[in-house]
2 protein chains.
Amino acid sequence: MPDLHIQLDFGSDVPIYNQIVAQVQELVLMGALHPGDQLPTVRQLAAELRVNFNTVARAYRILDESRLISTQQGRGTYILGTPDPHKSEAARRRTLEELARRYRDSALGLGFSTSEALAALQALLSTAAEEPSPAERPNTAAENGPQEKV
Amino acid sequence: MPDLHIQLDFGSDVPIYNQIVAQVQELVLMGALHPGDQLPTVRQLAAELRVNFNTVARAYRILDESRLISTQQGRGTYILGTPDPHKSEAARRRTLEELARRYRDSALGLGFSTSEALAALQALLSTAAEEPSPAERPNTAAENGPQEKV
DNA sequence: TTTATTATTGTATCATTGTATCATTGAATG
DNA sequence: CATTCAATGATACAATGATACAATAATAAA
């Protein structure tokens, strides 16, 4: 759990929670925080910064909504995996193949044939015609990161 | 002791224990788990899912209270009689569709298109040509399950 | 076999973490 | 002034984790 060295300016007109948001974003961008890293708890950081922990929680929630971190009740908050660009194309491909294997095995385990599994996927993809552009979609999933407290 | 192939989404707002409950219900409903089958121990499943075993225990307790499983201190947890003995074909179909949805969403989360997801599955199914016939799968069912002293 | 010991299983209790809701503050505005 | 509203604080809560415990099984000892 790294010390974030966040510096607040209580005289500023920019709200505390926004200062926290900005500085965490900065730390991630500069590479001081890596995917999977656990952030201080809302109460720890709040004590360090001499603010109410709700203010830290509010900052964390904003960062969570922007998919930069993952806040998990009872577990903590973790830096979320960077969207895509850092993962090599080969690694992405291997992950996709692993997902396909899992889907096939699950279907077989339920007594379906591989052709039925394939047909089910085709049916799903044809019904949901509107396929969101990967560029626009705010990276809903991938959630690889935070479950392991590194 | 079957591997349940439970997949958790730590970023979701639905609690872990509810995700476990839902997926076990699913597995029973579609016939992947039969009366008498022993579930993984709370610690085994917890280690596999990277969560605290109390979380698994909480899920098991909920399933026990709904009379779907029987948790027995010192013995383990076992599938009870299914409330609906005829696992409907519709339920199996719904489960397959849910699995397909998960596969698609995971692929999209990795930045792949739906067509790429489909192609990956097709490639996998073509390479592994040996497909076990569903008819051959013997019902590994409850024939001699570990007598539940309920 | 019988008994004692050890291991494994689920249970109970509390601590820790983030969340939800409302109260308070203080500055902007009329 | 009074009003309003965003920012922050206080409190209660839900989800998860850590630890000790009790019940059952498995094994060893007598």
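Chain identifiers are assigned alphabetically (A, B, ...) following the order of the sequence lines, protein sequences preceding nucleic acid strands; residue numbering begins at 1 within each chain. This one's a predicted model, so the numbers in the text were calculated from it and none came from an experiment.
Between A/Glu65 and A/Arg61, at least one side-chain N (NZ, or NE/NH1/NH2) sits under 4.0 Å from a carboxylate O, which counts as a salt bridge. Ionic pairing of B/Arg102 and B/Glu26 is present here: one or more N-O contacts between side-chain nitrogen and carboxylate oxygen are shorter than 4.0 angstrom. Under 4.0 Å is where a charged nitrogen must lie from a carboxylate oxygen, and between B/Arg101 and B/Glu98 at least one such pair does.
Side-chain proximity of B/Gln73 to D/dA14, D/dT8, C/dT11: nearest is C/dT11. Proximity note for B/Val51 (side chain, C-beta onward) versus D/dG17, D/dA7, D/dG9: the nearest is D/dG17. Looking at the side chain of A/Thr55, the nearest of the listed nucleotides D/dA14, C/dT11, D/dG9 is D/dG9. Of all nucleotides listed (D/dG17, D/dG9, D/dT19), D/dG17 comes nearest to the side chain of B/Asn52.
Here C/dT16 presents its P atom at 10 Å from CZ of A/Arg43, a figure rounded to the nearest Å. Put simply, CD1 on B/Ile69 is 9 Å from P on C/dG10, counting in whole angstrom units. Rounded to an integer number of Å, the gap from B/Tyr78 OH to D/dT24 P is 13 Å. The distance between atom CD1 of B/Ile62 and atom C1' of D/dA14, rounded to the nearest whole Å, is 12 Å. The CG-P distance, from A/Asn54 to C/dT24, rounds to 15 Å in whole Å. Atom CD of A/Gln44 is separated from atom P of C/dA15 by 17 Å (rounded to the nearest Å). One can place CG of B/Leu45 at 13 Å from P of D/dT16, the figure rounded to the nearest angstrom. Between the P atom of C/dT8 and the CG atom of B/Leu39 lies a distance of 20 Å, rounded to the nearest Å.
Between A/Arg75 and C/dT17 there is no side-chain N or O to OP1 or OP2 distance below 4.0 Å. Residue A/Arg58 places at least one side-chain N or O closer than 4.0 Å to OP1 or OP2 of D/dA7. Taking only side-chain nitrogens and oxygens, B/Thr41 never comes nearer than 4.0 Å to OP1 or OP2 of C/dT8. At least one side-chain nitrogen or oxygen of B/Thr71 sits closer than 4.0 Å to the OP1 or OP2 atom of C/dT11.
Counting non-hydrogen atoms under 4.0 angstrom, A/Tyr17 reaches the backbone sugars and phosphates but no base. At the heavy-atom level, A/Arg61 lies nowhere under 4.0 Å from the strands shown.
Geometrically, A/Arg92 engages B/Phe112 in a cation-pi contact defined by less than 6.0 Å to the ring centre and at most 45° from the axis.
Across every non-hydrogen atom of B/Leu121 and B/Tyr103, the tightest pair is N-OH, 3.9 Å.
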